[in-house]
S.K.: 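Have a look at this one.
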Amino acid sequence: MKDIKNICCIGAGYVGGPTMAVIADKNPTIKVTVVDINAERIAAWNDENLDNLPIYEPGLAEVVSRARGRNLFFSTEVDKAIEQSEIIFISVNTPTKTYGKGKGMAADLKYIELCARQIAEVAKTDKIVVEKSTLPVRTAEAIKTILNQTGPDSYRDGVNFQILSNPEFLAEGTAITDLQEADRVLIGGDQTPEGKEAIQALVDIYAAWLPKERILTTNVWSSELSKLTANAFLAQRVSSINAISELCEATGADVNEVAKAIGMDSRIGPKFLQASVGFGGSCFQKDILNLVYIAKSLGLSKVADYWEQVIIMNDHQKIRFASKIVSTLFNTVSGKKIAFLGWAFKKDTNDTRESAAIYVADQLIDEQANVCVFDPKVKIQKMYDDINYLDSRTDQLNKRHLQVVSNPYEACKDAHAIAILTEWDEFKDYDWQRIYDQMKKPAFLFDGRNILDRKKMKGIGFEVYSIGKA
Ligand code: NAD
Ligand code: UDX
């Protein structure tokens with residue numbers, strides 16, 4: 001059996017950082033090095049002040065403070081880490097392609113390929129290479145070809161590579177508990193004696209804290225496809241309840257009551273039925289588009305159309321929310337201040353990738369509204385970057401129409417309307433009477449997350465719109 005003493009992970013992002021921190025915490029005898037080409041990010045991971053870690057996740061700082069400097073290290077020395085490790089995780093980004101064939105749909109695998117080439121160049125001893133990034137089914141084949149056919153001739157013959165697929169199922173905002181108490185860990189590998197030995201080496205690392213029944217082993221292709229499938233199913237649930245929310249608004253049914261009623265059926269279950277302004281995050285849209293692209297590439301047009309509908313519904317929900325604000329405000333928001341509470345794509349994270357807030361703001365800025373945002377964790381510059389990146393409008397116009405403040409009361413003062421875009425718990429505890437008193441009247445409240453007590457808000461005097469309620 002392989003004796004694992006050194007692990008490295010290429011990519012110190014939302015997955016690589018927390019995942020390796022938990023692996024190091026639970027395996028104190030294994031040295032875990034997380035490497036990244038982004039020196040600023042590595043410096044933040046090494047910052048003595050744990051408030052400056054590059055990622056905000058509840059519980060992360062505690063885990064990092066226990067393991068960092070003991071057996072957890074963050075570094076920019078990628079080659080050195082590859083050379084020293086028996087297991088190399090690849091956890092780099094796999095965004096949707098923005099150019100060429102598959103533009104707007106396929107996963108861009110250039111960062112993965114660069115990693116594979118770098119490993120092939122540097123490795124002088126046998127390596128287990130683990131796909132931690134989310135990848136299209138059959139990517140392991142390409143990685144294997146690169147590993148076996150590139151790199152200096154002098155070492156190529158003597159070095160053996162085993163490729164494993166070990167997708168990550170953590171959700172942001174709950175990453176640490178998702179890792180510590182994972183429903184399951186999935187490990188796909190070759191069903192050869194060498195493949196099985198590699199699988200066992202990785203099983204042993206997770207078995208340091210997870211019961212064996214939760215560590216599932218499969219062939220590589222099942223593992224790769226299961227990750228895309230899991231995200232597609234989860235996103236589909238959100239789009240399904242959001243589709244019903246529009247029907248509720250038209251009929252007088254209440255989407256929360258419908259969700260509760262169907263969720264009590266044990267075949268359906270209560271989770272992931274929260275109607276919202278639309279799902280965001282770096283994964284759902286990207287992974288479904290990838291699934292759609294794969295299905296199309298294989299000529300499976302009905303399969304592709306089926307899953308694409310989940311994205312179409314989600315886009316519709318974001319547009320519908322912004323349009324509702326405009327139509328309710330007497331069909332014009334030009335020159336009106338609209339306060340946004342929340343910019344992150346969900347609570348308890350500072351991540352804004354694909355956040356519904358960005359798209360709703362964009363639509364309102366098109367209507368010349370003045371959007372004023374407060375988010376408890378997202379950095380101010382990040383919000384400006386998000387809105388500038390999204391659109392071809394000039395930076396100047398965006399700056400004029402998007403203001404970011406560091407206090408919720410300031411965001412809401414003199415606003416014609418407030419829109420809740422993220423379900424941060426602290427929003428429920430605000431002094432809503434004070435907020436109401438300082439707003440233009442009529443004071444409109446658009447609760448895109450259904451987190452506020454509608455009756456209480458109406459009692460204060462707000463005109464309230466909640467998702468899926470007439
Ligand atoms: P991220 O953008 O936060 O981090 C990726 C990191 O990889 C970046 O810091 C980047 O600098 C680094 N990188 C890129 N190329 C590199 C190279 N050649 N050498 C060294 N470093 C390099 O991305 P993420 O959110 O951590 O996602 C990573 C992967 O995990 C993606 O495939 C994603 O789909 C998947 N995933 C993400 C989540 C999530 O919640 N974010 C959950 C499960 C799976
Ligand atoms: C998702 C998957 O859950 C996770 O397993 C995978 O590893 C990465 O992608 P993440 O995107 O971090 O995780 O968060 P998630 O909790 O899934 O939420 C995604 C989006 O859906 C958020 O915008 C969230 O607000 C929204 N959502 C979720 C709803 O609108 N309603 C729900 O009921 C659940």
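Numbering of ligands and ligand atoms starts at 1, following listing order. This chain uses plain numbering: 1 for the first residue, then up along the sequence. Everything quoted here is computed from the prediction, not taken from an experiment.
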S.K.: Just jot down the ligand 2 atoms closer than 4.0 angstrom to any heavy atom of Cys283, in number order.
M.R.: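 Counting from 1, the qualifying ligand atoms are 8 (C), 9 (O).
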
S.K.: Would you mind running through ligand 1 and noting each atom that sits below 4.0 Å from a heavy atom of Ser282?
M.R.: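 Going through ligand 1 atom by atom, the ones under 4.0 Å from Ser282 are 41 (N).
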
S.K.: Is the positively charged end of Lys132 above the ring of Phe89, judged by distance under 6.0 angstrom from the centroid and angle within 45° of the axis?
M.R.: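 Here Lys132 fails the 6.0 Å and 45° test against Phe89.
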
S.K.: Side chains of Pro58 and Ile176: does their closest heavy-atom pair fall under 4.5 Å?
M.R.: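 Answer no - side chains too far apart.
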
S.K.: Of the protein's non-hydrogen atoms, which lies at the shortest distance from atom 16 (O) of ligand 2, and what is that distance?
M.R.: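 Here the nearest protein heavy atom works out to Lys346 NZ, 2.7 Å.
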
S.K.: For atom 30 (O) of ligand 2, state which one of Gly278, Ser282, Ser276, Ser355 supplies the nearest heavy atom.
M.R.: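 Minimum heavy-atom distance to atom 30 (O) of ligand 2 goes to Ser276.
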
S.K.: Give the residue, atom name and distance (to 0.1 Å) of the protein heavy atom nearest atom 11 (O) of ligand 2.
M.R.: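 Looking only at protein heavy atoms, the one closest to atom 11 (O) of ligand 2 is Phe345 CE1, 3.4 Å.
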
S.K.: Look at atom 1 (C) of ligand 2 and say which protein heavy atom is nearest, naming residue and atom and giving the distance to 0.1 Å.
M.R.: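 The answer is Phe284 CE2, 3.4 Å.
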
S.K.: Answer yes when Glu86 and Lys5 have at least one side-chain N-carboxylate O distance shorter than 4.0 Å, and no when they do not.
M.R.: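 Here Glu86 does not pair with Lys5 in a salt bridge, since their nearest N and O are not under 4.0 Å apart.
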
S.K.: Quick one: which ligand 2 atoms are inside 4.0 Å of a heavy atom on Leu273?
M.R.: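 So the answer, numbered in order with elements, is 33 (O).
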
S.K.: Please list, in number order, the atoms of ligand 2 under 4.0 Å from a heavy atom of Ala171.
M.R.: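 Contacts of ligand 2 toward Ala171, numbered from 1: 3 (O), 12 (O), 13 (O), 14 (O), 16 (O).
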
S.K.: Do me a favour and list the nearest non-hydrogen protein atom to atom 27 (N) of ligand 2 with residue, atom name and distance?
M.R.: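 Going by distance alone, atom 27 (N) of ligand 2 is nearest to Val238 CG2, 3.9 Å.
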
S.K.: Would you mind listing which atoms of ligand 1 come within a distance below 4.0 Å of any non-hydrogen atom of Ile10?
M.R.: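 So the answer, numbered in order with elements, is 19 (N), 20 (C), 21 (N).
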
S.K.: Can you list the atoms of ligand 1 that are under 4.0 Å from a heavy atom of Ser91?
M.R.: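 Numbered from 1, ligand 1 contributes 5 (C), 28 (C).
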
S.K.: Taking N or O atoms only and a 3.5 Å limit, does Asn38 qualify as a polar contact for ligand 1?
M.R.: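 No; every N/O pair is 3.5 Å or more apart.
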
S.K.: Decide whether an N or O pair under 3.5 Å exists between Glu172 and ligand 1.
M.R.: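 Such a contact does occur with ligand 1.
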
S.K.: When you measure from atom 31 (C) of ligand 1 to each heavy atom in Val78, Val34, Leu170, Thr94, which option holds the nearest one?
M.R.: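 The residue whose heavy atom sits nearest atom 31 (C) of ligand 1 is Thr94.
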
S.K.: Look only at interatomic distance and state if Asp287 has a nitrogen or oxygen under 3.5 Å from any nitrogen or oxygen of ligand 1.
M.R.: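 There is no such contact.
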
S.K.: Output yes when the distance from some N or O of ligand 1 to some N or O of Lys132 is under 3.5 Å, and no in every other case.
M.R.: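 Looking only at distances, the answer is no, because the N/O contact criterion of under 3.5 Å is not met.
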
S.K.: Using a plain distance cutoff, I'd like to know if Gly280 has any nitrogen or oxygen under 3.5 Å from a nitrogen or oxygen of ligand 2.
M.R.: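 Gly280 vs ligand 2: N/O contact under 3.5 Å present.
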
S.K.: Between Lys227 and ligand 2, which residue portion shows a heavy-atom distance shorter than 4.0 Å: side chain, backbone, both, or neither?
M.R.: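 Only the side chain of Lys227 comes within reach of ligand 2.
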
S.K.: Between Val15 and ligand 1, does any nitrogen or oxygen pair lie at a separation below 3.5 Å?
M.R.: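 Among all N and O atoms of Val15, at least one is under 3.5 Å from an N or O of ligand 1.
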
S.K.: Report the part of Thr174 (side chain from C-beta onward, or backbone N, CA, C, O) that has a heavy atom under 4.0 Å from ligand 2; answer both or neither where that applies.
M.R.: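 Neither part.
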
S.K.: So is Arg184 actually on top of Phe169's ring, under 6.0 Å and inside 45° of the axis?
M.R.: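 Checked: cation-pi criterion met.
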
S.K.: Check if Arg353 has a non-hydrogen atom at a distance under 4.0 Å from any atom of ligand 1.
M.R.: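 Arg353 counts as a contact of ligand 1 under the 4.0 Å cut-off.
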
S.K.: Check Ile205, Leu202, Ile88 against Val130 for a side-chain contact (heavy atoms from CB on, under 4.5 Å) and give me the one that passes.
M.R.: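 For Val130, the side-chain contact (heavy atoms from CB on, under 4.5 Å) test succeeds with only one of Ile205, Leu202, Ile88, which is Leu202.
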
S.K.: Of the backbone atoms (N, CA, C, O) and the side-chain heavy atoms from C-beta on, which set of Asp178 has a member under 4.0 Å from an atom of ligand 2: side chain, backbone, both, or neither?
M.R.: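 Neither part.
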
S.K.: Using the rule given for side chain to side chain donor-acceptor pair (under 3.5 Å), can you reason through Trp45 versus Asp36, listing the C-alpha separation, both sets of side-chain angles and the distance that settles it, and then say yes or no?
M.R.: CA-CA 11 Å; Trp45 279 112; Asp36 204 295; over 6 Å; no

S.K.: Short N/O distance, under 3.5 Å, between Phe279 and ligand 2?
M.R.: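 No; every N/O pair is 3.5 Å or more apart.
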
S.K.: Could you identify the single nearest non-hydrogen protein atom to atom 5 (O) of ligand 2 and state the distance to 0.1 Å?
M.R.: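 Nearest protein contact, heavy atoms only, for atom 5 (O) of ligand 2 is Phe169 O, 2.7 Å.
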
S.K.: Among Val35, Asp36, Thr134, whose heavy atom sits nearest atom 10 (C) of ligand 1?
M.R.: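 Among Val35, Asp36, Thr134, the closest heavy atom to atom 10 (C) of ligand 1 belongs to Asp36.
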
S.K.: Restricting to non-hydrogen atoms, name the atom on Trp307 and the atom on Ala232 that form the minimum distance, rounded to 0.1 Å.
M.R.: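 Closest heavy-atom pair between Trp307 and Ala232: CZ3-O, 3.4 Å.
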
S.K.: Regarding Gln84 and Thr33, is there a side-chain donor-to-acceptor distance under 3.5 Å anywhere?
M.R.: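 Absent: no donor and acceptor within the cut-off.
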
S.K.: Considering only heavy atoms, does Glu168 approach ligand 2 within less than 4.0 Å through its side chain, its backbone, both, or neither?
M.R.: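 For Glu168, only backbone atoms sit under 4.0 Å from ligand 2.
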
S.K.: Has ligand 1 got any nitrogen or oxygen that is less than 3.5 angstrom from a nitrogen or oxygen of Lys286?
M.R.: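 Checking ligand 1 against Lys286, an N or O pair does fall under 3.5 Å apart.
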
S.K.: Have Gln363 and Ser323 got a donor and an acceptor in their side chains that come within less than 3.5 Å?
M.R.: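 Per modelled atom types, Gln363 and Ser323 side chains form a pair under 3.5 Å.
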
S.K.: Are Arg449 and ligand 2 in contact, using a heavy-atom cut-off of under 4.0 Å?
M.R.: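 Heavy atoms of Arg449 do come under 4.0 Å of ligand 2.
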
S.K.: Going by the order shown, which atoms of ligand 1 are within less than 4.0 Å of some heavy atom of Tyr14?
M.R.: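 Near Tyr14, the atoms of ligand 1 are 3 (O), 24 (P), 25 (O), 26 (O), 41 (N).
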
S.K.: Pull out every atom of ligand 1 sitting under 4.0 Å from any heavy atom of Lys227, numbered as shown with elements.
M.R.: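 Answer for ligand 1: 43 (C).
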
S.K.: With nothing but distance in play, are any N or O atoms of Gln118 less than 3.5 Å from an N or O of ligand 1?
M.R.: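 No, no N or O pair falls under 3.5 Å.
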
S.K.: Decide, yes or no, whether a salt bridge links Asp425 with Lys347 under the criterion of side-chain N to carboxylate O below 4.0 Å.
M.R.: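 Yes.
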
S.K.: Do Asn93 and Tyr14 pair up side chain to side chain, a donor and an acceptor below 3.5 Å, judged on atom types alone?
M.R.: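 Note: Asn93 and Tyr14 side chains miss the donor-acceptor criterion.
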
S.K.: Hey, does the side chain of Asn242 reach the backbone of Ser276 with a donor-acceptor pair shorter than 3.5 angstrom?
M.R.: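 Pair found, side chain donor or acceptor close to backbone of Ser276.
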
S.K.: Could you list the atoms of ligand 1 found under 4.0 angstrom from a heavy atom of Arg41?
M.R.: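 Contacts of ligand 1 toward Arg41, numbered from 1: 1 (P), 2 (O), 3 (O), 4 (O), 8 (C), 9 (O).
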
S.K.: Considering only the protein, which heavy-atom contact is closest to atom 3 (O) of ligand 2, and what is its distance?
M.R.: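 Protein heavy atom at minimum distance: Leu234 CD1, 3.7 Å.
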
